[in-house]
Number of protein chains: 2
Amino acid sequence: MEFKLSFPINESVYIKNPDHSDIGRKIIKHGIDLINELGFEHFTFKKLAIEIGTTEATVYRYFENKHRLLLYIISWYWFYLDYLMDYRLQNMHDPKKQLEEIIQILTHELPESSGGLDYNKKYLNNIVVAESSKVYLVKEIESINQEGVFKAYKDLCRKMATVMLAYNPTYKYPHSLSSTIVETAHYQQYFVQYLPRLTDANDANKKEYANVYLTDLLFKVLG
Amino acid sequence: MEFKLSFPINESVYIKNPDHSDIGRKIIKHGIDLINELGFEHFTFKKLAIEIGTTEATVYRYFENKHRLLLYIISWYWFYLDYLMDYRLQNMHDPKKQLEEIIQILTHELPESSGGLDYNKKYLNNIVVAESSKVYLVKEIESINQEGVFKAYKDLCRKMATVMLAYNPTYKYPHSLSSTIVETAHYQQYFVQYLPRLTDANDANKKEYANVYLTDLLFKVLG
DNA sequence: CTCAAACTAATAGCAATACTATCTTTTTTA
DNA sequence: TAAAAAAGATAGTATTGCTATTAGTTTGAG
């Protein structure tokens, strides 16, 4: 028994909704696999088309370019985080516990079986950590932001900021602290794995490091 | 009377040292101008060659590809930060004042006239904020890290960690906090400008926002 | 039913990008 | 002053990013 998670991803992200056809869903699923395997710079629509047994032109009918496909994947992640936070925090009324749960969600692989979607969560996590900043670190940022494609990220930060203010109503920078926590969760995971000298992790605490570091930081900042 | 700042940038970053010839220095200077103007994705060696009145082949004699040129520019920035910190902190013995000065350096444009170099510091700052993460968020991270090209960043974090420990010897994550402060300085500046909903900045506090936010955060974390 | 409109897929092709190779000329320096 | 090194000119290749055209397939109005 499965139900299908479907998120209202901004329509200007795609040309044709990939969620409405078999080939569209293949583009997302195998897109995640291939971006994970090759890295975003080496990923191309041609390689993706070969992977899923179709042609480049078909992929271009769904997405204007590979940046838009990445934006779709990362948007899906933002919506999924938002959904997970709602779901996990709903019966949790202590803001401290809520904040701990938020960091838990941000620093661990997304749970595998929630929804009928079969995206590889390990790969999705790798992409989020290594590639997500590339969706906004582009010269076209002002025009794509005007399309509203970052709304999900902004909503997520607003939700986190609300919980922070419930914990400490006098804290002045809850939105910045939220985006800091999200971004730091990503690149501290990356640094632990690839540039450990930029962290204080070691082989023993590696696995829970980002969680422990961020929890310590968050509660010290919020007091 | 000018003296020339020269930093020991890792030799594997370039094929031929751009600092040793006129055309090499032009590649860096106009490279900074063009990457700032076009964004890293739209920047090409062909466009750079036209800009400085030479050919693509000549630029390729200095750098293997545009990623290496960016790495050179960002390495120069890391060395310059390190140098600036030494210079500004040398007669400052209070760790609290030192930490405040470090954040000041990280959240403001680099000073213009230090050294004989004529890189445009405003453009360099834009590049650091918008493009620097692209030097390590690549599939080849493990092999390029082995070349030692990130040593300057690691040394910088070590230096910052030392000051943090002087201020609070019991803090457990000084290296992570250093990289967090550096990265957060970059993207909070970016967010204030392009995605202000991810921050708590407004038109009135915009200019000093990153500084104020990070100073508050740092001293709350260190206690 | 059926025939045209609309939608989808497949093929081809083009311009830009990311290089590499070669050969000539100029500059350096031993 | 010869030879080594650097720069310039020119050409060429494979890949990338994207578009145009055509062929086939589905849909739905009469």
Requested in this report: Round to a whole Å and report the spacing from CZ of Phe45(A) to C1' of dT15(D).
Outcome: 16 Å
Query raised in the report: Starting at CZ of Arg25(B) and ending at P of dA7(D), how long is that distance when rounded to a whole Å?
Result: 11 Å
Query raised in the report: Is Lys46(B) near enough to dC19(C) that one of its side-chain N or O atoms lies under 4.0 angstrom from OP1 or OP2?
Result: no
**Report entry** Interatomic distance where CZ belongs to Arg68(A) and P belongs to dC18(D) [whole Å]
**Finding:** 11 Å
Query raised in the report: Between Tyr62(B) and dA6(D), does any side-chain N or O lie under 4.0 Å from OP1 or OP2?
Result: no
Query raised in the report: Between Gly24(B) and Thr55(B), which is nearer to the 5' end of DNA chain D once each is assigned its nearest nucleotide?
Result: Gly24(B)
Query raised in the report: Among side-chain atoms of Asp86(B) and Tyr83(B), is any donor-acceptor pair under 3.5 angstrom?
Result: no
Report task. Return the value, rounded to whole Å, for the distance between atom CZ of Phe63(A) and atom C1' of dC18(D). Result -> 16 Å
**Report entry** Spacing between His20(B) atom NE2 and dA5(D) atom P, to the nearest angstrom
**Finding:** 15 Å
Requested in this report: Pick base, sugar-phosphate or nothing for Glu64(B), based on heavy-atom distances below 4.0 Å to the nucleic acid.
Outcome: sugar-phosphate
Query - Short side-chain donor-acceptor distance under 3.5 Å, Asn126(B) and Tyr123(B) - result: no
Query - Any Lys16(A) side-chain nitrogen or oxygen under 4.0 Å from OP1 or OP2 of dT8(C) - result: yes
**Report entry** d(CD1, Ile23(A); C1', dA10(C)) in whole Å
**Finding:** 11 Å
Report task. State, without any angle test, whether Thr180(A) and Tyr213(B) hold a side-chain donor-acceptor pair at a distance under 3.5 Å. Result -> yes
Query raised in the report: Between dT16(D) and Lys66(A), is there an OP1 or OP2 to side-chain N/O distance shorter than 4.0 Å?
Result: no
Report task. Look at the side-chain N and O atoms of Arg61(A) and state whether any lies under 4.0 Å from the OP1 or OP2 oxygen of dA9(C). Result -> yes
Query raised in the report: Hey, is the side chain of Thr58(B) poking within less than 4.0 Å of OP1 or OP2 on dG8(D), counting only N and O atoms?
Result: yes
Query raised in the report: Can you find a side chain N or O atom of Ser21(B) that sits less than 4.0 Å from OP1 or OP2 on dA7(D)?
Result: yes
Query raised in the report: Aromatic ring centroids of Phe45(B) and Tyr60(B) under 6.0 Å?
Result: yes
Query raised in the report: Quick one: does Thr107(A)'s side chain have a donor or acceptor within less than 3.5 Å of a partner on Ala185(A)'s backbone?
Result: no
Requested in this report: Let me know the distance between OH of Tyr60(A) and P of dA20(D), rounded to the nearest Å.
Outcome: 13 Å
Query raised in the report: Rounded to the Å, how far apart are Glu56(A) CD and dA20(D) C1'?
Result: 14 Å
